[in-house]
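Hydrogens, waters and symmetry mates play no part in the numbers below; they use all other heavy atoms, side chains included.
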Amino acid sequence: MGLDAENWCSLEEIAEYLGVTKDTIRNWIKKAHVPAHKIGRQWKFKISEVDNWVKSGKSALD
């Protein structure tokens, strides 16, 4: 894997990126809708995965 690998984003960063609250992200995680990865005790996200999820229309299931 090269140095240009996509960075992981925190719950706070992905909430800001999507323009929603952290609680909304947590609810999406509980419903297994948003692509999230638990690393230790923290949830992490790849913006490309979240973008694909939004584009797929699955985010409208909330």
Side-chain angles (χ1 to χ4, degrees):
M1 183 164 33
L3 295 176
D4 60 344
E6 182 180 356
N7 290 334
W8 291 97
C9 293
S10 68
L11 189 140
E12 291 81 7
E13 290 169 327
I14 209 68
E16 184 177 337
Y17 177 74
L18 292 175
V20 298
T21 66
K22 292 185 286 184
D23 286 338
T24 296
I25 299 294
R26 287 186 191 102
N27 286 334
W28 285 341
I29 291 169
K30 286 179 191 173
K31 295 176 182 177
H33 292 174
V34 68
H37 307 270
K38 194 148 195 189
I39 301 175
R41 297 181 68 199
Q42 296 182 343
W43 288 102
K44 296 292 183 176
F45 307 84
K46 293 280 188 176
I47 287 182
S48 62
E49 292 178 357
V50 174
D51 281 343
N52 288 335
W53 172 73
V54 170
K55 290 175 188 171
S56 75
K58 294 179 182 172
S59 61
L61 297 175
D62 184 29

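Considering all non-hydrogen atoms of both residues, Pro35 and Phe45 come closest at O-CD2, 3.5 Å. Across Ile29 and Ala36, no two heavy atoms sit closer than the pair CG1-CB, 4.0 Å.
Within a 6.0 Å sphere centred on CD of Glu16, other residues, nucleotides and ligands contribute 12 heavy atoms or fewer.
In this structure, CD1 in Ile14 is found 11.0 Å from NZ in Lys44, a value given to the nearest 0.5 Å. For the atom pair NZ of Lys30 and CG of Asn27, the computed distance is 5.5 Å after rounding to the nearest 0.5 Å.
Within the 4.5 Å cutoff, the side chain of Lys46 has heavy atoms near those of the Trp8 side chain. Using a 4.5 Å heavy-atom threshold, the side chains of Leu18 and Thr24 count as separate. Contact of the Ile25 side chain with the Tyr17 side chain is not registered, since no non-hydrogen atoms from C-beta on lie closer than 4.5 Å.
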- Step by step, work out the ring-ring contact (aromatic ring centres under 6.0 Å, His included) result for Trp28 and Trp53. CA-CA 12 Å; Trp28 285 341; Trp53 172 73; 5.0 Å; yes
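Judged by distance alone, the side chain of Glu6 and the main-chain N or O of Ile47 form a donor-acceptor pair under 3.5 Å.
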